[in-house]
Every structure is written in structure tokens, then in C-alpha cells.
Asker: 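Quick one: the structure is below, and I'll ask about it shortly.
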Number of protein chains: 2
Amino acid sequence: MEDDSNISELLAARGIRLTRQREKILAILLQQRDHPTASEVYERAKQKMPSISLATVYNSLEALARNGLLKQVNVDRAPTRFCANLEDHSHFFCERCGAIYDVEAAAAQLGNLPPGFVVFHADVALKGLCSTCSDLNV
Amino acid sequence: MEDDSNISELLAARGIRLTRQREKILAILLQQRDHPTASEVYERAKQKMPSISLATVYNSLEALARNGLLKQVNVDRAPTRFCANLEDHSHFFCERCGAIYDVEAAAAQLGNLPPGFVVFHADVALKGLCSTCSDLNV
DNA sequence: TTGCGATTTAGAATCATTCTTGATCTCGGG
DNA sequence: CCCGAGATCAAGAATGATTCTAAATCGCAA
């Protein structure tokens, strides 16, 4: 599969040790871009790799995210979700159906910060209704 | 205490039932604006009200937040923090010392959303170094 | 004052996540 | 190609934040 060789290269390029588990997990994230939780990734991974453990899923997701191959997405208190879209983008959270969508990057227009404050990142989280759910309201 | 009578009024104005526990918890949040966690609020509340339970702190914080008297602040996976500043503002998270600061509201400049998407809120989370911690780097 | 429904309490339960331990695997060097 | 050091894995226990449960108590409207 070309995808898999691609994944090997991605991992190697980051100097991150290649294991079947990490390959599989990254493949899952690249394949179905619905921002799954660790448990959801675990369920999907078990189908092809029944012996994988949940702890390994957590470890692998952490390793991949630390090396910039995945992004973690947090919404309030809900379980962390993962995203293989490495482009600059923002996330939109549908308050009705709970789905997460990648949307065009929103820029944060900073107000005045107190002197000495240095901003490294500005994360913008959009919340509202997705097209499917706003239709239901009509 | 004028603060407390003020608090009673705040609660009453929202039609939220007045209890000693809720009064105390709101007073704590108004008094020390350092974005405490539920556990921190619990510790402070116990000093004056030793019989209060952690569950009550959670319940009260939830009730106050639901009625718009408090804001919940989430940073990644860390425990939820609470904020009595009802003005429009953003939060700045210091990546070194972990402190949270209220800062002037940052406006999110939305990109193009897919048709049918409706945005209700756009939360901007700023991360970087506060003045104290950036000084250490010089 | 009275009663009902909301709230409190204490502790158990839940849920996501992390840790621990011993087994297994990856990868560079020989 | 084979070996060994160190990284990673699996299984399950442990942790930590938060929520739930059940019974006692309280707030508020009539």
C-alpha cells in the first residue's frame, strides 16, 4: 500500500522509531478524518491488530503528536481528539451533534497585552451549528 | 458585608436558589481572582465552612456557571478553572508557570466557513510566557 | 408555619488517562 | 546477518477529575 510506505517515511523523517502499532494508528488517523478519540482509535485498530492495547494507543498518539504528525484537539472536558490534518486550520464544534470540522484558519486579533507578555500560540475554537444541524432548525 | 449582600442580590436576580454554600463559593471567586480549580475553591471554602463537601463545590460552581455568574475556563487536559470576571475578555496561559491571566478580549477573524455553518462563540486561548516568566529568559 | 422540591453530604462510581512491570521489538554497530 | 542496548509494547493497576446515589436538610412560596 502506498499509504503505508508513505507513513513509514513520515515516521522515519521525524526520527521516531517505527513500529507496527504507530504505523497502524497513523494510518487510521489519515484514513478517516473524523477526529476520533483515543478509544475510538483503539476500537478501529483492534479490528486489524487484535492484540493492541489501549495504553499503546495512548502512547503512540502521544508520540505522534509530540513529533508533529498529529494534532490534539481538546473541547471542554470531553476526551481528547486527534487530527492528522497538518495544514494551518481551526476547529469548529457543533453544539448539537458534537461533530468536529476542520475549517479555514481563523486569525486571532490580539488586544493589548500587559507589557512583558509573549504570545506563542493563539488557538481559536469555533462553536455553533454545522450545516446539517442548522438545517434542522429551519 | 456589602459584598455578601451584593452576592445575594446577584443570585436572586438570576432566580437561583440562595444557599450559604453558593454564596460562599461565589464570594471566594469574586475575592481572589486567580482562576482556581474546584479543589482549590473547596480548600478555601472549608476554612470558613468546614462541613462543605467537594460535591457541593462542584454542584455550586456548575449552578453559578449555568446562570452566567461564573465562567469556566478549560486549558487542555488540566482541571477546569473558574472565573468571576463577567466582562468580555480572553485568557492567557503561561506555559512556564501555569498561571492564567485575564487579558483584553481577542477578536477572532473568521475565515470562510462552509455554507450552513453558524458560529455562536469563538473562544481565543492565548499561550505563551507571562511577564514574570519571560523576564527569566533574558 | 408547612410542605415540596431543590440542595447538601459522604462516599461510591465513572471515565479518561497515566503508570508499572516484565516481555518484546527496533535499529545501529560489528 | 546477528546482537545488544534501549525503546516500545501489553495488561492491568493506579490516579485524578468529575459525576452519581441516597438519605438528610434546607429554601422558599403559599
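Lettering follows sequence order; numbering is per chain, from 1. What you see is a predicted model, and the numbers here were worked out from it, not measured in a lab.
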Asker: For the pair N85(A) and E87(A), evaluate side-chain hydrogen bond (donor to acceptor under 3.5 Å, both in side chains) and give the outcome as yes or no after the intermediate values.
Answerer: CA-CA 6 Å; N85(A) 179 355; E87(A) 307 284 315; over 6 Å; no
Asker: Taking ring-ring contact (aromatic ring centres under 6.0 Å, His included) as the cut-off, I'd like each qualifying pair that reaches into residues 17-49 of chain B, sequence neighbours left out, listed once.
Answerer: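 Listed once each, the pairs are H35(B)-H91(B).
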Asker: From the 5' end of DNA chain D to its 3' end, which nucleotides mark the outer limits of contact with chain A, defined by a 4.0 Å heavy-atom distance cut-off (strictly under)?
Answerer: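 Counting from the 5' end, contacts occupy dG6(D) to dT18(D).
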Asker: Tracing side-chain links under 4.5 Å among I, L, V, M, F, W and Y, which residues wind up in one group with F117(A)?
Answerer: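 Answer for F117(A): F92(A), Y101(A), V103(A), L110(A), L113(A), V119(A), V124(A), L126(A), F92(B), Y101(B), V103(B), L110(B), L113(B), F117(B), V119(B), V124(B), L126(B).
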Asker: Mind checking what makes salt bridge (charged side-chain N to carboxylate O under 4.0 Å, His left out) contact with R66(B), not counting sequence neighbours?
Answerer: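 Result, salt bridge (charged side-chain N to carboxylate O under 4.0 Å, His left out) vs R66(B): E62(B).
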Asker: Could you go through nucleotides 25-27 of chain C and list every protein N or O atom that sits under 3.5 Å from one of its N or O atoms, giving the distance for each pair?
Answerer:
unit_1: dT26(C); atom_1: O3'; unit_2: L18(A); atom_2: O; d: 3.3
unit_1: dT26(C); atom_1: O2; unit_2: R17(A); atom_2: NH1; d: 3.0
unit_1: dC27(C); atom_1: OP1; unit_2: L18(A); atom_2: N; d: 3.1

Asker: Which atom pair, heavy atoms only, marks the closest approach of N67(B) to A63(B)?
Answerer: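 For N67(B) and A63(B), the tightest heavy-atom pair comes out as OD1-O, 2.8 Å.
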Asker: Got a salt bridge between R20(B) and E23(B), using NZ or NE/NH1/NH2 to carboxylate O under 4.0 Å?
Answerer: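 A salt bridge is absent here (no side-chain N lies under 4.0 Å from a carboxylate O).
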Asker: Among dT9(C), dT7(C), dT17(C), find the nucleotide with the atom closest to the side chain of T80(A).
Answerer: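 Selected nucleotide: dT17(C).
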Asker: Residues two or more places apart in sequence or in another chain: which of them pass side chain to side chain contact (heavy atoms under 4.5 Å, CB included) with P79(A)?
Answerer: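 By the side chain to side chain contact (heavy atoms under 4.5 Å, CB included) rule, P79(A) matches T37(A).
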Asker: Looking at dT9(C), I'd like to know if its phosphate oxygens (OP1 or OP2) sit under 4.0 Å from a side-chain N or O belonging to S53(B).
Answerer: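 Yes, because at least one side-chain N or O of S53(B) sits under 4.0 Å from OP1 or OP2 of dT9(C).
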Asker: Below 4.0 angstrom, which residues in residues 32-49 of chain A have at least one non-hydrogen atom near DNA chain D?
Answerer: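 Those residues whose heavy atoms fall under 4.0 Å from DNA chain D, taken from residues 32-49 of chain A, amount to none.
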Asker: Is it true that M49(A) and L61(A) fall in one hydrophobic cluster, defined by side-chain heavy atoms closer than 4.5 Å?
Answerer: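 Same hydrophobic cluster.
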Asker: My understanding is that only residues two or more places apart in sequence, or in another chain, count here; which of them pass salt bridge (charged side-chain N to carboxylate O under 4.0 Å, His left out) with K71(B)?
Answerer: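 Salt bridge (charged side-chain N to carboxylate O under 4.0 Å, His left out) list for K71(B), sorted by chain: empty.
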Asker: Of all heavy-atom pairs between P115(B) and S131(A), which one has the smallest distance, and what is that distance?
Answerer: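 Residues P115(B) and S131(A), closest heavy atoms: O-CB, 3.4 Å.
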Asker: Rounding to 10°, can you tell me the angle the first-five-pair axis of the helix from dT1(C)-dA30(D) to dG30(C)-dC1(D) makes with its last-five-pair axis?
Answerer: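 It comes to 40° between the two terminal axes.
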Asker: According to ring-ring contact (aromatic ring centres under 6.0 Å, His included), who are the partners of F93(B), at least two apart in sequence or on a separate chain?
Answerer: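 With neighbours one apart ignored, the set is empty.
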Asker: Do V75(A) and L70(A) sit in one hydrophobic cluster, given that two such residues count as connected whenever their side-chain heavy atoms are within less than 4.5 Å of each other, even indirectly?
Answerer: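 No, no single cluster joins them.
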Asker: I'd like a table of atom pairs between the protein and nucleotides 18-22 of chain C - only N or O on both sides, under 3.5 Å - with the distance next to each one.
Answerer:
none

Asker: Without decimals, in angstroms, what is the distance between D76(A) CG and dA16(C) P?
Answerer: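 Value for this atom pair: 15 Å.
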Asker: What's the shortest heavy-atom distance between I100(B) and V73(B), and which atoms?
Answerer: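 Looking at all heavy atoms of both residues, the closest pair is CD1-CG1, 4.4 Å.
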Asker: Does R22(A) use its side chain to pair, donor to acceptor, with the backbone of S60(A) at less than 3.5 Å?
Answerer: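 Side chain of R22(A) to backbone of S60(A): no pair is present.
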Asker: Considering only residues two or more places apart or on different chains, which pairs with a residue in residues 50-72 of chain A satisfy ring-ring contact (aromatic ring centres under 6.0 Å, His included)?
Answerer: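 Listed once each, the pairs would be none.
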Asker: Between dT7(C) atom C1' and N67(B) atom CG, what is the distance in whole Å?
Answerer: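 Between C1' of dT7(C) and CG of N67(B): 14 Å.
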